[in-house]
Amino acid sequence: MKAFDTQTAAIRVSSPSSDLETKVQEWGEKIFSMVEAAGPPSFFTKEGLAGTVMDRAMRDEHFKTRLFRFVDVLPTLTSAGEVARHLREYFDTNQARPASGWSVGLKGASAAPWLLAPVVKAQVTALARHFMLGNNEKEITATLCQLRNRQIAFTVDLLGETVLSEAEADQYAARYLDMMALLARHMAGWPGPCKSNLCPRGPAPELNLSIKISALYSQIHPADPETAIEKISTRLGPILRKAKESGAFINFDMESYALKNLTLRLFKSIFSDPEFESAPARGLALQAYLKDSEADLTDIIAWARSRPRRLTVRLVKGAYWDYEMVAAQQKGWPVPVFADKSQTDANFEKLSAMLLENESVVDAAFGTHNVRSIAHALAQAELRGVDIRNFEFQMLRGMAEPVKATLLQLGCRLREYCPVGELLPGMAYLVRRLLENTSNEGFLANRYARNLGRKELLKRPVAPAAEPRRETGGTEFSGQTVFKNEPPVDFTVAAERQKMQEAIREARRQLGRRHPFVINHQPVSTRDWLPSLNPANQKEVIGYAAQATVADADAAIGAARAAWPKWARTPADQRAAFLEKTASLMRAEKSALCAIEVLEAGKTWTEADADVAEAMDFCNFYAGQMRALGRPERTQHVAGESNFLEWWPRGIGVVIAPWNFPLAILTGMAAAAMVAGNAVILKPSDQTPVIAARLMELFIKAGFPPGVANLLTGAGGTVGAHLVEHPQADFIAFTGSKEVGLKIWETAGRTRPGQMNLKKVVCEMGGKNCVIVDSDADLDEAVAGCIASAFGYQGQKCSALSRLVVLADNYEVFLQRFIAAAASMRIGPAEGPGNFLGPVISRGAQQRILKIIESGKKEATLAWQGRVPNDPDACYVPPTIFTEVPPESSLFREEIFGPVLAVVRAKNFDEALLLANTGEFALTGGCYSRSPANIERVKAELICGNLYINRGITGAIVERQPFGGFRMSGGGTKAGGRDYLRNFMVPRVVTENCLRRGFAPTDA
Ligand SMILES: Cc1cc2nc3c(=O)[nH]c(=O)nc-3n(C[C@H](O)[C@H](O)[C@H](O)COP(=O)(O)OP(=O)(O)OC[C@H]3O[C@@H](n4cnc5c(N)ncnc54)[C@H](O)[C@@H]3O)c2cc1C
């Protein structure tokens, strides 16, 4: 026996005894014999259309995807015509037709949709009703009564946990109170306790509710769990009070991993409150698929030991396995779940043992339908002498009915988890259940669809020796380096939050320093120093930047020109190594760099983190690209001659960068140019010179030779313009406004005396980006994605959403939810960890945007405007939504670069596309739709450089989404893409005749 001593008590866990496996097999055989006598669960015996369709889904992944997507969209389809159209789009393909009669049905659906549509809707509704109860009071109480009559206890869960606004969170909390009142009223007339609630330690509450805490606050932010706990507690308080009054039990369900620590903290904090310390009865779910779960259970048992009231731990395997795998891989985070099913099963058994071992402190509830897992719990209990009625089993409604019947016969206590709600909010739940019932790894499908035998199903789960590698994507460059995106910081980790807080404090200690510009590695001070101000507090000077003159610009060009020849001949591998070193230096001081951005650019924690990560990605990605490009490439092969293409640097470059991605864009353009063998002059924005000065320090520290990178701070109109005109400047890399970009484009086109090269301009300008919300869009996703795209970083991203075209069918409901969500955004200084929206960059920008809003009121209807903190020293602009915006208005056509959104209603999808394609820009665009045909149309017709479907339109990731637009948005170059470096080089071909006196080497 192994013991864990904690401050409060010992957590006891036994290692498996030799008798255990024999007992498990005995229980397993016994349960199987009884289960098999009862026949298969009803889900696996469905007849008619539903039966055929589910049968095919278990055998055909492509069909399963289409089916689940169709089921997901169906409740939003309001007309028979729409149902028929979606049926055709999802299933009228050679791959997806489920049965021969199907094509006839589909043809019928086209000709007479009212015939097929109601049948399909009824079938899917019946499928949903198999797993969840409707919203009808009578249906709910009748079902619970039936359960009780069969001696099955219940726990009720309210569907619709995705809340986008505080109004929705209020509604959700109110629904819980209503539900408790309804059930308490109804159950008062029940004859006596349900047998499954009778425990030797005393009866368990009859009224049992399960709750998802994320539904009680719409603005949960990973960096600010404290506010989340406070807000959720405020809404939970009345629910717990009512539960106390009604003698009810409250269980916290466990949701995605991102919410796990928050859920545990909230549970402990609220049930330590003197008001709730002793009542109501409480419990929480723990997921055995999580690698952390053993530590969490240890912790919760230790905590429970110090509490006046017992708690129940519902042990489950976990319902979000696929999501957790994808989410971790997309972010490049360690995968929190076990990768192998047997590891989850083995861990479930280990935690079951821990629960039973510590039954003096916690009540165990085993939430599983798996006969092996159940047999194991029973065997453990038997060996430990734990009364079978001292713990309970829990199962989901609509699943594993024969197993439920068997457990009752065996005298076990059984609780059914009953989700309640409308079809629409219940879709996520339904899809999770369908996935579970059709999963290749799932116990039920293996038993009833794939007919695996008892022996196989009762096998002891043995975790594989080494966890299978499921790596996130990395790109190999010619077998040399592997590029991986820098993962974002996970602010749910307390240490990361502390690190950031400390970095901000440290950045504050460094405020007000003078930052000379740098030529040839030499700092140059000037008489004039321009202050860089905190957008959230214009009295706070972040630093002072030296102001270069035209003569300084000439000196910088001279330094670059002098350094260039040697740098150009430095091997590509060496140049790449300097960039990689820069990235690693950035990693070492990531939080310090983020802190400067928070204070100088008004970036929130997550935005600043993303910017610094992107800067690192640019360095590493371009380094890898250059290593590949640095090797001459053979062109057409012919005997006796060698032909190679190679890339030469262009010369001297001027890099002019904006303030909105103050590190990433400056780094990206400079890194690409330098690694390609050019020498550069960096000209950052006047608004963010301090972060630019830090970058220059890093370039020097990384080992770039003097003169290769030079930094000039100063007025764009004079110094910047002079650099662009300079005959010795060979190319310009610019990101910024259309106005300046066009001027640069034009100026660079004029050849000046002494100029040796045609100037290349790499030019990225603005956008007036549009998202279409289709009539069948998933509004939970569309609202959240559009809020983030329109108002993230106060709308000051060139990729930001500024025109929203909503299909008429969805318009009212979308707008109502969207405005409620906007009204719930947290607004405040960027350094406040939970703030979503901060001030705009400067007083000038604030005044300009406020003016646009004023004149916008004459062009369109002001539908909503947020309230910002009343702080005269900060540059806040209230987030603003206009509706009825005429397509010809400036509100609809001109870039604003602030938190202002134009919303337009479109009659149909044709009109939506027409509206979206209006205007001179083509940067980002997006569409929320669940119509395969409309998605294809958007792909083919929406004019933009980066198109995003069913997600937000900002946040491009290096290599994954090479970024940049065309038309008046830019020259079509793609930053972070595979071709980007070629913009900074010229190709040349070297041909050598290898034939000497008729003899040619074979390898030529
Ligand atoms: C009453 C009740 C309440 C529940 N509450 C919650 C809750 O609050 N939160 C929650 O997340 N879930 C909850 N669940 C859902 C539960 O997680 C699933 O129903 C359960 O995982 C299915 O497990 P099983 O033992 O019945 O089936 P099995 O078929 O034995 O196990 C399936 C499970 O194994 C895991 N798995 C599948 N593939 C892999 C793989 N390749 N590698 C590793 N693991 C894998 C997954 O967790 C999957 O759900 C609850 C279930 C019940 C019965």
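Numbering of ligands and ligand atoms starts at 1, following listing order. The model shown is predicted, which means the values in this text are computed figures rather than measured ones.
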Once rounded to the nearest 0.5 Å, what's the spacing between atom CZ of Arg175 and atom CE of Met180? 13.0 Å

Around atom NZ of Lys341, are there more than 12 heavy atoms of other residues, nucleotides or ligands at under 6.0 Å? yes

As an exercise, identify every atom of ligand 1 less than 4.0 angstrom from a heavy atom of Tyr320. 11 (O)

Using side-chain hydrogen bond (donor to acceptor under 3.5 Å, both in side chains) as the criterion, list what pairs up with Arg235, not counting sequence neighbours. Glu166, Asp170

Taking the non-hydrogen atoms of Ala339, is any one of them nearer than 4.0 angstrom to ligand 1? yes

Give a yes or no on whether Lys231 atom NZ has more than 12 heavy-atom contacts from other residues, nucleotides or ligands under 6.0 Å away. no

Say whether Ser293 and Asn347, considering side chains only, have a donor N or O and an acceptor N or O under 3.5 Å apart. yes

Quick one: closest heavy-atom pair of Trp321 and Ala339, and the distance? CZ2-O, 3.8 Å

Can the ring centres of Phe276 and Phe271 be said to be less than 6.0 Å apart? no

Side chain, backbone, both or neither: Ser439 near ligand 1, heavy atoms under 4.0 Å: neither

Considering only heavy atoms of Tyr417, which atoms of ligand 1 have at least one such atom less than 4.0 Å away? 1 (C), 3 (C)

Relative to Tyr429, does Arg433 satisfy both conditions: NZ or CZ under 6.0 angstrom from the six-membered ring centre, and within 45 degrees of the ring's axis? yes

Using a strict 4.0 Å cut-off to heavy atoms of Phe338, name the atoms of ligand 1 that fall inside it. 42 (N), 43 (C)

Are a donor atom and an acceptor atom from the side chains of Glu29 and Gln25 found within less than 3.5 Å of each other? no

With a cut-off of 4.0 Å, which atoms of ligand 1 are near a heavy atom of Thr368? 24 (P), 25 (O), 26 (O)

So is Met254 in contact with ligand 1, going by heavy-atom distances below 4.0 Å? yes

Are any of the N/O atoms on Gln394, whether in the backbone or the side chain, positioned under 3.5 angstrom from an N/O atom of ligand 1? no

Taking the minimum heavy-atom distance to atom 41 (N) of ligand 1, which of Arg447, Glu441, Arg415 ranks first? Glu441

Any Val337 heavy atom less than 4.0 Å to ligand 1: no

Within the structure, does Ala285 bring an N/O atom to less than 3.5 angstrom of an N/O atom in ligand 1? no

Looking at Asp253, which atoms of ligand 1 are within less than 4.0 Å of one of its heavy atoms? 8 (O)

Between Gln287 and ligand 1, find which residue part has any heavy-atom pair under 4.0 Å and reply side chain, backbone, both or neither. side chain

For Glu401, enumerate each residue passing the side-chain hydrogen bond (donor to acceptor under 3.5 Å, both in side chains) test, keeping only those at least two apart in sequence or located in another chain. Ser42

Please check whether Phe443 reaches ligand 1 - meaning an N/O of the residue sits under 3.5 Å from an N/O of the ligand, judged on distance alone. yes

Using a 4.0 Å heavy-atom cut-off, say whether Arg314 meets ligand 1 through its side chain, its backbone, both or neither. side chain

Is it possible for you to check whether Lys317 lies under 6.0 Å from the centre of the six-membered ring of Phe348, through NZ or CZ, and within 45° of that ring's axis? yes

Numbered atoms and elements of ligand 1 in range of Asn370, under 4.0 angstrom, heavy atoms: 25 (O), 26 (O), 30 (O)

Could an N or O of ligand 1 be found under 3.5 Å from any N or O of Leu444, whether backbone or side chain? no

Contact check: Met395 vs ligand 1, nitrogen or oxygen atoms, below 3.5 angstrom: no

Rounded to the nearest 0.5 Å, how far does OG of Ser246 lie from CD of Glu206? 13.0 Å

d(Asn370 CG, Arg447 CZ) to nearest 0.5 Å is 12.5 Å

Contact check: Glu255 vs ligand 1, nitrogen or oxygen atoms, below 3.5 angstrom: no

Quick one: which ligand 1 atoms are inside 4.0 Å of a heavy atom on Gly442? 29 (O)

Do Phe366 and Phe393 have ring centres separated by under 6.0 Å? yes

Taking distance alone, with N or O pairs closer than 3.5 Å, would you say Tyr289 contacts ligand 1? no

Can you find an N or O of Thr344 that's nearer than 3.5 Å to an N or O of ligand 1? yes

Region of Glu436 engaging ligand 1 - heavy atom pairs below 4.0 Å: side chain

Any donor-acceptor N or O pair under 3.5 Å, side chains Gln394, Glu392: yes

Classify the contact between Asp340 and ligand 1 as side chain, backbone, both or neither, using a heavy-atom distance cut-off of under 4.0 Å. backbone

Quick note on ligand 1: atoms under 4.0 Å from a heavy atom of His369 include exactly 19 (O), 24 (P), 25 (O), 26 (O), 53 (C)

